Every structure is written in C-alpha cells, then in structure tokens.
Enquirer: 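Below: one structure in structure tokens.
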Amino acid sequence: MSHPVVLISDPLPTRLTAELNEDFEIRQCTGSNRAALLAAVPEAEALIIRSATRVDQEVLDHAPRLRIIARAGVGLDNVDVDAATRAGVMVVNAPVSNVTSVAELTVGLILSMFRHLPAAHASVRAGEWRRADFQGSELSGKSIGILGFGRIGQLVAERLAPFEVELLTHDPNVTAEFAFAQGVGWMPLDELMSTVDVLTVHVPRTPATTGLIGARELALAKPSLRVVNTSRGGIVDETALASALAAERIAGAALDVFETEPPTHSPLPHLDSVVCTPHIGAGTREAQDRAASTVLGAVRNAFLGLPVGGLVNPAATAARAATVTVS
Ligand SMILES: NC(=O)C1=CN([C@@H]2O[C@H](COP(=O)(O)OP(=O)(O)OC[C@H]3O[C@@H](n4cnc5c(N)ncnc54)[C@H](O)[C@@H]3O)[C@@H](O)[C@H]2O)C=CC1
Ligand SMILES: O=C(O)CCC(=O)C(=O)O
C-alpha cells in the first residue's frame, strides 16, 4: 500500500523528518521556486513549509489531494488560510516554537545598535583600532516601546526589564491592566511614537498592520528613536524608514525582516545607521527542532485521526481530514 506523500518545501532538520519515513513518503522541493512547488504539490497530501513558501489559491488549485498545510514556525502571512479552509485543508503552525529565539535576537539587535557592534567588529577585523569612533549609548534609562504585546512582545519585555529601562507598549487587544501587571505601561500608538527611544515591532503582518509604522508615525518620533523589526517586512514602511534615517530624523534601525527577501533593491542595508540580519529570528537549533517536532507531530496525528495541535482553522477538518488514515 502506498504511503501518503508529505512534501517539505523549506529546510527542516532531516534527523527529525526521517521519523516519518516508515509511514509517509517524504518528498522535498524548494518552495521559493514557484514552478517547482506547483509541479510537486499535486501529489502531496501534506505540505510542510516555513516562511519562504507562499501558499495561495493557485497552489491550492494545484493540490487536489492536500489535507494539511503545516507551518514550521509562527507567522501565517504566507498562507491564505481562508482559501485553505474553503478547500477543506487544515492549517497548523507551531506558535511557541521559536518565540524565545526571536526575543533573544531582538535584545541582541538593540545592544548591537546602541554599541555599534557590527561596525566595531568589522573595523577591528580590518586592522584598525578606532576606539573614539564607536562611542555608543547606555540602554539604561531609555524608554522602550513594544508594538504588539503577544508572546514575543512579552518575552522581550521580560528580557529587557533588568536593563533598568522604561517599558511601554501599544496593543489594541491587550488592556492597560494586563500590561501594568507585567511592569509595562500601555499607550496609544501616537503617544508611544513620540515617547520612546526604541520601538520594537512584534505584530503579525495583516492588511491592517501593513504600513502601520509609516511616514506619519515616524514624523512623531524623537531624534533618538531606533526602530527594531523582527516580525515581518512591510509593517514598517521601508521607504519612509529609509528617508527618516537618511535625513537623520531618527537615530537607527535594526532589521531581521524585509518587504522583499533578500532585500536586493532596498537602500536600508547600505545605511550606516542600520544593523541587518537575514531573517534569522528563528534561526537557532532549539527553535528549529521545536518547530519541526510540533508540525511533524501534527501531520502524523492528522493522518491518524487524532487531535491536531496548532490547528488554526478547525472548520476545515470536517471536509477532508476525518476521512484519511495511515496504514
Ligand atoms: N523573525 C523571525 O524569524 C520570526 C518572526 N515572527 C513574527 O513575529 C510575529 C509576532 O509573533 P508572536 O508574538 O508570537 O505573535 P502573537 O500573536 O503572540 O502576538 C502578536 C500581538 O500583536 C498584536 N497586534 C495585532 N495588531 C496590532 C496592532 N495594530 N497594533 C499593536 N499590536 C497589534 C496582537 O494583539 C498580539 O498581541 C509573528 O506574527 C511573525 O510574523 C515570529 C517568529 C519568528
Ligand atoms: O520560518 C522561518 O523560516 C522563519 C520564522 C518565522 O518568521 C516565523 O516563525 O514566523
């Protein structure tokens, strides 16, 4: 009897995916290569992705056998969940798998900006010893604004608290009382923008959050503002950010994510006041192992008819998933 085909379209630890070999036929493709994805997906009954694979109506139209899309990570902005639900395809993610890693990277990026670590490192490597050129600022005493007080935003707050900073947040779905209980003040967005020295962004990318930080919001900022984005490109408008930085209307930015990845045509990586990383927020062994284990478990359970963890569209299950089994 043939095994269900599981298509893996982004890198996952092979020592973990191998655990499915007995009951499933594992196939790989490169999800960022659209033609390769569309060629491989028709036979797939499960599709495991990370952020580089876009799953939209076209992919679903090519995937008549598909029963589950498993996102080995948090963000679902690359999956058309409504279209999947209409097609009866379950969507799962791994919502806690990498949040610690992202929070740790965020703290690292903030310190990197305040102490010019990438430039100082490059300078020593180049044989220089320019101590006076790398005078930085202390984080102690600064105001930190956390845009989005969900899992990652709260972990960032916990990790920054020992630096003796003032912690503030804006999140329409969080009450001032909830934030206050964690030592964090709540403010409307405009007030936050005009108050903080660091704005760190931790919201999902949706139509409502795309361009949330644009020219108008940046115009409210103090000259000391440094913007950190480890959530998704496009939430901070890149054109507005580049123009505020180039005009020295704000002090700096640290970016793990970009509107287009890689950011080949963006001016931002070339500005001295910008620190960049290539979307590595979840790039730790621990986070990758957790994400893979979570979604592989979900795929196995889906085919065994067991409860599926991380399910984001329960309405899909009635249509197809209940009918499938592994041998
Ligand atoms: N750089 C990387 O490798 C990674 C990036 N991420 C990104 O981080 C994002 C956040 O992750 P989590 O904290 O786990 O999500 P979460 O769902 O726990 O928290 C998101 C928070 O944003 C808030 N929010 C929504 N709209 C808002 C608005 N207009 N203004 C202010 N707050 C708003 C929500 O109320 C929620 O509290 C993910 O959606 C993903 O895009 C996640 C993991 C890895
Ligand atoms: O999945 C990835 O490749 C990066 C992680 C991420 O951005 C997420 O989990 O939202």
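Order of listing sets the numbers, starting from 1, for every ligand and every atom in it. None of these values were measured; they are calculated from a predicted model. Just so you know, these numbers use all the heavy atoms, side chains as well, and skip hydrogens, waters and symmetry mates. This chain uses plain numbering: 1 for the first residue, then up along the sequence.
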Enquirer: Hey, which atoms in ligand 1 end up nearer than 4.0 Å to a heavy atom of H170?
Expert: 30 (N), 31 (C), 32 (N)
Enquirer: Of all the atoms in ligand 1, which lie at a distance below 4.0 Å from a heavy atom belonging to H279?
Expert: 1 (N), 2 (C), 3 (O)
Enquirer: With a 4.0 Å cut-off on heavy atoms, is A208 touching ligand 1?
Expert: no
Enquirer: Give the numbers and elements of all ligand 1 atoms closer than 4.0 Å to a heavy atom of A282.
Expert: 3 (O)
Enquirer: Salt bridge (Lys or Arg N to Asp or Glu O under 4.0 Å) for D56 and R34? Distances and angles first, verdict last.
Expert: CA-CA 11 Å; D56 53 16; R34 191 74 178 172; 2.7 Å; yes
Enquirer: Name the closest protein heavy atom to atom 5 (C) of ligand 1, giving the residue it belongs to and the distance to 0.1 Å.
Expert: T230 O, 3.2 Å
Enquirer: Give the residue, atom name and distance (to 0.1 Å) of the protein heavy atom nearest atom 26 (N) of ligand 1.
Expert: T209 CG2, 3.8 Å
Enquirer: Any protein heavy-atom neighbour for atom 11 (O) of ligand 1 (distance below 4.0 angstrom)?
Expert: yes
Enquirer: Would a 4.5 Å heavy-atom cut-off, applied to side chains only, mark M90 and L311 as touching?
Expert: yes
Enquirer: Answer with yes or no whether R205 contacts ligand 1, where contact means a heavy atom under 4.0 Å from a ligand atom.
Expert: no
Enquirer: In the protein, which heavy atom is nearest to atom 18 (O) of ligand 1, and how far is it?
Expert: R151 N, 2.9 Å
Enquirer: Take atom CZ of R15 as the centre, draw a 6.0 Å sphere, and report whether it contains more than 12 heavy atoms from other residues, nucleotides or ligands.
Expert: yes
Enquirer: For atom 25 (C) of ligand 1, tell me which residue out of P204, A287, S231 has the closest non-hydrogen atom.
Expert: P204
Enquirer: Considering the heavy atoms of P172, write down every atom of ligand 1 situated less than 4.0 Å from one of them.
Expert: 27 (C), 28 (C), 30 (N), 31 (C), 32 (N), 33 (C)
Enquirer: Within the distance-only criterion (no hydrogens, no angle test), does the side chain of N229 pair as donor or acceptor with the backbone N or O of S231 below 3.5 angstrom?
Expert: yes
Enquirer: Go through ligand 1 atom by atom and flag the ones less than 4.0 Å from a non-hydrogen atom of V99.
Expert: 14 (O)
Enquirer: Of the choices N173, V203, L212, L192, which has the non-hydrogen atom that lies closest to atom 29 (N) of ligand 1?
Expert: L212
Enquirer: Less than 4.0 Å between atom 15 (O) of ligand 1 and some protein heavy atom, yes or no?
Expert: no
Enquirer: Can you confirm whether more than 12 heavy atoms, excluding those of F180, are under 6.0 Å from its CZ atom?
Expert: no
Enquirer: Above 12 or not: heavy atoms from other molecules or residues under 6.0 Å from CD of E43?
Expert: no
Enquirer: Return a table of N or O atom pairs, ligand 2 on one side and protein on the other, at distances under 3.5 Å, rounded to 0.1 Å.
Expert:
unit_1, atom_1, unit_2, atom_2, d
ligand 2, 1 (O), S51, N, 3.4
ligand 2, 1 (O), R71, NH1, 2.6
ligand 2, 3 (O), R50, NE, 3.1
ligand 2, 3 (O), R50, NH2, 3.2
ligand 2, 3 (O), S51, OG, 3.0
ligand 2, 7 (O), R232, NH1, 3.0
ligand 2, 7 (O), R232, NH2, 3.0
ligand 2, 7 (O), H279, NE2, 2.7
ligand 2, 9 (O), V74, N, 2.6
ligand 2, 9 (O), N98, ND2, 2.9
ligand 2, 10 (O), R71, NH2, 3.1
ligand 2, 10 (O), G75, N, 2.7
ligand 2, 10 (O), R232, NH2, 2.8

Enquirer: Fit a plane to each ring of W186 and H170, take the angle between them on a 0 to 90° scale, and name the class: parallel (under 30°), tilted (30 to 60°) or perpendicular (over 60°).
Expert: tilted
Enquirer: In this structure, are over 12 heavy atoms from other groups packed under 6.0 Å from E164 atom CD?
Expert: no
Enquirer: Determine, considering heavy atoms only, which of L76, N98, D171 sits nearest to atom 43 (C) of ligand 1.
Expert: N98
Enquirer: Could you tell me the residue and atom name of the protein heavy atom closest to atom 19 (O) of ligand 1, and the distance to it rounded to 0.1 Å?
Expert: G150 CA, 3.2 Å
Enquirer: Do any pairs count as a side-chain hydrogen bond (donor to acceptor under 3.5 Å, both in side chains) and have a residue in residues 268-279, sequence neighbours left out, and if so which ones?
Expert: D256-T277, E261-H279
Enquirer: Would you call the rings of F24 and F303 parallel, tilted or perpendicular, taking 30° and 60° as the class edges?
Expert: perpendicular
Enquirer: For ligand 1, which atoms sit closer than 4.0 Å to a heavy atom of V102?
Expert: 4 (C), 43 (C), 44 (C)
Enquirer: Just checking, any donor-acceptor pair under 3.5 angstrom between side chains of S143 and T195?
Expert: no
Enquirer: Could you tell me, atom by atom, which parts of ligand 1 come under 4.0 Å of a heavy atom of R232?
Expert: 5 (C), 6 (N), 7 (C), 40 (C), 41 (O)
Enquirer: Should the heavy atoms of other residues, nucleotides or ligands under 6.0 Å from CZ of R159 be counted, would the total exceed 12?
Expert: yes
Enquirer: Is NZ or CZ of R226 both nearer than 6.0 Å to the six-membered ring centre of F114 and within 45° of the ring axis?
Expert: yes
Enquirer: Hey, which atoms in ligand 1 end up nearer than 4.0 Å to a heavy atom of L147?
Expert: 31 (C)
Enquirer: Could you go through the salt bridge (Lys or Arg N to Asp or Glu O under 4.0 Å) check for R71 and D77 one step at a time?
Expert: CA-CA 11 Å; R71 173 28 174 138; D77 49 290; 5.7 Å; no
Enquirer: With a 6.0 Å cut-off (strictly less than), is the heavy-atom count around CD of Q57, excluding the residue itself, greater than 12?
Expert: yes
Enquirer: Which residue and non-hydrogen atom of the protein lie closest to atom 13 (O) of ligand 1, and at what distance in Å?
Expert: I152 N, 2.9 Å
Enquirer: Ignoring hydrogens, just give me the one of V74, V96, T169 whose non-hydrogen atom is nearest atom 38 (C) of ligand 1.
Expert: V74
